[in-house]
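Working notes, beginning with the structure itself.
Keep in mind that the numbers below use all heavy atoms, side chains included, and drop hydrogens, waters and symmetry copies. Remember, predicted model here, so these are calculated numbers, not experimental data.
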Amino acid sequence: MQDTSPKRVAIVGPGALGCLLGATLCRVGAEIWVLDHDSQRAGLLQHSGLTLERAGRCEHFSIQATADPQRIGPVDLVLLCVKSPALRRTLPSLFPLLTEKTLLLAWQNGIAHLPILLEAVLPGPVALAVTSLGAHLLAPGQVCFGGAGATTLGFLREASPEAKEGLDAAAELMRTAGLEVRVETDILAQVWNKLLVNVGINGLTAIYNCNNGELLHNQAALAVLQAAVLEAADVARAKGIAIAPEPVARTLAVCRATADNISSMLQDVRQKRETEIEGINGAVLAEARRLGIAAPVNAQLFAAVKALEKRYLAG
Ligand code: KPL
């Protein structure tokens, strides 16, 4: 049988998730490259590699890192881990990595990335990854595991048999590395089910400046979480999306499973970066308006995070 396992893997964006995936795939012997728009940080990663801290233990991995995609050249698999606000400007820099066989796997939260990926003209197949893995960065290249969670992969558009084989091989590589990964045909439902979780957790953790688990002990936050998730579930159902039962209970389960994790949105706020609020509560609000559905709690969360962002982005 032909070995279709991805050998050369490029991680684009060495944030918490990118570093976690890089370190995890190093374990199974894949050749890992990290592409970073920041050449200074790329130099640091090239020199110091990745460190993964998990359950009090630290593991170190050597990788290759660069800000120059030409140095990497064509790869089998691209794990696109930049945040959705950076997606549009990142895609053109990926062409040196891509052939018609390269699978591009996009790991963004929310739904803002969907139209960008659908519009993009790229040489190879594009698939989405929807994950509940938790991780946060301690320093550049040093990542702390924040909770195990399932990852689902699937194509946004109809894919060729070769592309499907490529996705199965990527899933198998990740499973070999110890991740819980499955391939689904209805990835849009997965995207929305994850969106509902992010709708409930991300904005609130940014507003209360707390880890995911602390939301469970904050009655005011819990009431907002529940209302925001139910509003988003109504919007999803009105769009005909197959939402899994008990979205609030599932969101609380993610809070428990990733209790020590600093959500990606709180990490953005602490680092004074643009957040993904537009693609999460903002996107729910926009869809609700289009459908004539009220979403006042999502509107409040959106406004509160935008106000937080404005304070540091303006300064
Ligand atoms: O996806 C996440 C995020 O932080 O963006 C969760 C699942 C909430 C884990 O922190």
Side-chain angles (χ1 to χ4, degrees), residues 1-15 17-18 21-22 25-26 28-39 42 45 63-131 151-174 177 181-188 190-191 279:
M1 223 169 88
Q2 207 191 337
D3 178 10
T4 53
S5 179
K7 306 280 181 303
R8 301 190 82 229
V9 180
I11 314 265
V12 181
L17 182 64
L21 292 170
L25 294 183
C26 273
V28 287
E31 179 190 338
I32 302 293
W33 278 89
V34 170
L35 179 65
D36 189 353
H37 72 276
D38 179 334
S39 54
L45 294 175
I63 45 127
Q64 314 214 61
T66 178
D68 176 7
Q70 302 283 356
R71 269 200 66 211
I72 303 177
V75 295
D76 304 309
L77 176 63
V78 172
L79 303 181
L80 182 53
C81 298
V82 297
K83 296 284 172 59
S84 56
L87 189 58
R88 216 181 272 283
R89 65 173 179 270
T90 303
L91 284 175
S93 70
L94 302 185
F95 278 86
L97 314 184
L98 305 174
T99 70
E100 72 282 4
K101 289 196 178 131
T102 307
L103 174 66
L104 182 77
L105 207 45
W107 293 74
Q108 289 67 39
N109 268 333
I111 52 175
H113 58 305
L114 303 183
I116 300 173
L117 292 170
L118 280 168
E119 275 165 26
V121 181
L122 298 163
V126 178
L128 302 180
V130 180
T131 190
T151 299
T152 311
L153 313 180
F155 289 105
L156 202 45
R157 288 199 194 93
E158 189 46 43
S160 68
E162 295 76 34
K164 286 181 184 161
E165 240 175 65
L167 189 64
D168 287 339
E172 190 50 37
L173 179 76
M174 289 186 243
V181 180
R182 61 176 199 275
V183 174
E184 285 277 344
T185 40
D186 188 0
I187 195 69
L188 211 52
Q190 303 297 325
V191 168

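- For the residue pair G279 and A112, the shortest heavy atom distance occurs at CA-CB, 3.6 Å.
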For L114 and L128, run side chain to side chain contact (heavy atoms under 4.5 Å, CB included): C-alpha distance rounded to whole Å, both residues' side-chain angles, the deciding distance at 0.1 Å, then the answer. CA-CA 9 Å; L114 303 183; L128 302 180; 3.6 Å; yes
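- With rounding to the nearest 0.5 Å, the separation of CD in Q190 from OG1 in T152 is 4.0 Å.
- A side-chain contact (heavy atoms from CB on, under 4.5 Å) with T102 is found for exactly one of V126, V75, L94, L97, namely V75.
- Here the OG1-CD distance, from T185 to E158, works out to 10.0 Å after rounding to the nearest 0.5 Å.
- Using a distance-only test at 3.5 Å, with no hydrogens or angles considered, a donor-acceptor pair links the side chain of Q108 to the main chain of L80.
- Shown here for L91 and A120, the closest heavy-atom pair between the two residues is CD1-CB, 3.9 Å.
- Here the side chains of L79 and L17 are not in contact, with every heavy-atom distance at 4.5 Å or above.
- Between the CE atom of M174 and the OG1 atom of T131 there is a distance of 9.0 Å, given to the nearest 0.5 Å.
- Residue C81 comes nearest to G13 through the heavy atom pair CB-O, 3.8 Å, listed as atom of the first residue, atom of the second, then distance.
- Looking at L105 and L167, their side chains come closer than 4.5 Å, going by heavy atoms from C-beta outward.
- In this structure, S93 OG and D68 CG are separated by 10.5 Å, a value rounded to the nearest 0.5 Å.
- Residue A65 comes nearest to R71 through the heavy atom pair O-NH1, 4.0 Å, listed as atom of the first residue, atom of the second, then distance.
- Residues R88 and E119 are in side-chain contact: their nearest non-hydrogen atoms beyond the backbone lie under 4.5 Å apart.
- Nearest heavy atom pair, residue R8 against residue P74, reads NH1-O, 2.6 Å.
- A42 approaches A67 most closely through the heavy-atom pair CB-N, 3.8 Å.
- With contacts defined as side-chain heavy-atom distances shorter than 4.5 Å, the pair L87/V82 qualifies.
- Taking NZ of K101 as the reference point, atom CD of E165 lies at 11.0 Å (rounded to 0.5 Å).
- Using a 4.5 Å cut-off on side-chain heavy atoms (C-beta onward), L103 and P6 make no contact.
- To the nearest 0.5 Å, atom NE2 of residue H113 and atom CG of residue L118 are 9.5 Å apart.
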